[in-house]
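Structure first, commentary second.
Worth saying up front: this structure is predicted, and the values here are computed from it rather than measured.
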Amino acid sequence: MTLSIGLMWAEAEGGVIGAGGGMPWHVPEDMAHFKAITADRPVVMGRRTWDSLPARFRPLPGRRNIVITRNPEWEAPGAERAASLEDALQGLDDRVWVIGGGEIFRQAIQDADVLEITQLDLQTPGDAFAPEWTGWTVAAAEPGTGWHTSRTGIRYRFLTCTR
């Protein structure tokens with residue numbers, strides 16, 4: 001089998017994916033979408049993304065959790081430490097999902113074959129940003145036109161992008 005790398009994130013206007021170590025929004029429908037897409041697949045993330053997950057969700061259940069950190073002493077129950085993205089992907093086959101943060105996305109996007117992006121119709125300040133994805137094609141959008149509205153009032157849509 002060949003390794004297939006997907007990147008998955010939610011972004012507000014301007015490519016904001018995070019602020020202050022978390023997501024500055026709450027869209028439960030996006031979390032359900034994330035869970036459905038990544039279920040039973042390895043997820044690769046940076047240590048700050050791991051730290052941003054609420055403790056009750058660490059490790060993300062039903063998935064192999066691989067955390068990239070430069071700290072060789074770092075460990076956490078349910079997580080596998082990797083020194084680099086290359087190290088994290090070593091020995092994997094089939095589909096793996098890279099779930100953040102910004103630096104890990106920028107490293108992985110050149111080798112990715114699919115992006116799953118939740119676009120949020122929201123302006124919010126942030127300090128973490130999605131990678132540039134110009135040149136990718138939107139292969140599917142849900143809804144096809146317009147937006148869904150979250151039960152929290154935020155408008156959103158799901159995009160699947162391919163090269």
Side-chain angles (χ1 to χ4, degrees), residues 1-25 27 30-120 124-140 158-163:
M1 276 189 171
T2 304
L3 180 62
S4 179
I5 301 170
L7 277 58
M8 187 168 197
W9 71 80
E11 70 176 42
E13 291 181 22
V16 172
I17 62 171
M23 291 186 298
W25 54 76
V27 179
D30 175 51
M31 300 312 297
H33 179 69
F34 172 86
K35 183 177 179 182
I37 296 289
T38 63
D40 302 321
R41 302 285 187 200
V43 290
V44 173
M45 69 195 91
R47 196 238 347 120
R48 286 182 291 206
T49 297
W50 171 269
D51 290 346
S52 76
L53 299 172
R56 70 182 185 273
F57 295 119
R58 287 190 312 235
L60 293 170
R63 288 155 277 201
R64 185 174 167 191
N65 288 236
I66 304 168
V67 179
I68 300 170
T69 178
R70 292 181 193 97
N71 179 353
E73 305 298 316
W74 184 89
E75 59 182 50
E80 299 174 38
R81 191 191 77 78
S84 65
L85 178 62
E86 182 179 331
D87 187 31
L89 299 175
Q90 190 70 33
L92 298 178
D93 61 14
D94 201 24
R95 165 71 66 205
V96 61
W97 287 101
V98 176
I99 62 169
E103 179 59 31
I104 304 300
F105 285 142
R106 279 182 280 290
Q107 291 175 30
I109 197 166
Q110 65 193 11
D111 297 316
D113 61 348
V114 66
L115 308 177
E116 286 288 341
I117 303 168
T118 301
Q119 282 189 320
L120 306 172
T124 186
D127 54 23
F129 298 90
E132 179 64 44
W133 53 281
T134 302
W136 288 77
T137 301
V138 176
F158 301 123
L159 303 179
T160 300
C161 303
T162 57
R163 290 195 188 269

- Counting only N and O atoms by type, is there a donor-acceptor contact under 3.5 Å from the side chain of Asp87 to the main-chain atoms of Ala82?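 Checked: no pair found.
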
For [X] against [Y], the heavy-atom pair lying closest together:
X      : Y      : value
Trp25  : Ala12  : CZ3-CB, 3.8 Å
Phe34  : Met8   : CA-CE, 3.4 Å
Leu7   : Ala112 : CD1-CB, 3.4 Å
Pro125 : Ala19  : O-CB, 3.7 Å
Ala88  : Val44  : CB-CG1, 3.9 Å
Leu92  : Pro42  : CD2-CG, 4.2 Å

As an exercise, state the distance from [atom1] of [X] to [atom2] of [Y], rounded to the nearest 0.5 Å.
X      : Y      : atom1 : atom2 : value
Trp133 : Ile117 : CH2   : CD1   : 4.0 Å
Ile99  : Phe105 : CD1   : CZ    : 7.5 Å
Ile109 : Ile5   : CD1   : CD1   : 11.5 Å
Thr38  : Asn65  : OG1   : CG    : 9.0 Å
Met23  : Thr124 : CE    : OG1   : 12.0 Å

Residues 66-79 side chain polar contacts: donor-acceptor under 3.5 Å, at least two apart:
| residue | atom | partner | partner atom | Å |
| --- | --- | --- | --- | --- |
| Thr69 | OG1 | Asn71 | N | 3.2 |
| Asn71 | OD1 | Glu73 | N | 2.8 |

- Query: With sequence neighbours left out, what residues match Asp94 under salt bridge (charged side-chain N to carboxylate O under 4.0 Å, His left out)?
  - Reply: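 If we apply the salt bridge (charged side-chain N to carboxylate O under 4.0 Å, His left out) test to Asp94, skipping adjacent residues, the hits are Arg41.
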
- Hits for salt bridge (charged side-chain N to carboxylate O under 4.0 Å, His left out) against Glu86, two or more places apart or cross-chain, chain-then-number order -> none

- Those residues at least two apart in sequence (or on a different chain) that pass side chain to side chain contact (heavy atoms under 4.5 Å, CB included) with Ala39 are none

- Output all residues satisfying side chain to side chain contact (heavy atoms under 4.5 Å, CB included) with Phe129, sequence neighbours left out; order by chain, then residue number. Val16

Please enumerate all residues that pass side-chain hydrogen bond (donor to acceptor under 3.5 Å, both in side chains) together with [X], with sequence neighbours excluded.
X      : answer
Arg47  : Asp51
Gln90  : none
Trp50  : none
Thr134 : Glu132

- Item | Listed once per pair and sorted, the side-chain hydrogen bond (donor to acceptor under 3.5 Å, both in side chains) pairs that draw on residues 102-119, sequence neighbours left out |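 Output for this query lists Ser4-Asp113, Asp30-Thr118, Arg95-Asp113, Glu103-Gln107, Glu116-Thr160, Gln119-Arg157.
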
- Task: Kindly write out the residues that satisfy ring-ring contact (aromatic ring centres under 6.0 Å, His included) with Phe158, not counting sequence neighbours, or none if the list is empty.
- Result: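 Checked Phe158 against ring-ring contact (aromatic ring centres under 6.0 Å, His included); matches are His33, Tyr156.
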
- Task: Name all pairs fulfilling the salt bridge (Lys or Arg N to Asp or Glu O under 4.0 Å) condition that reach into residues 53-63, sequence neighbours left out, sorted by first residue then second.
- Result: none

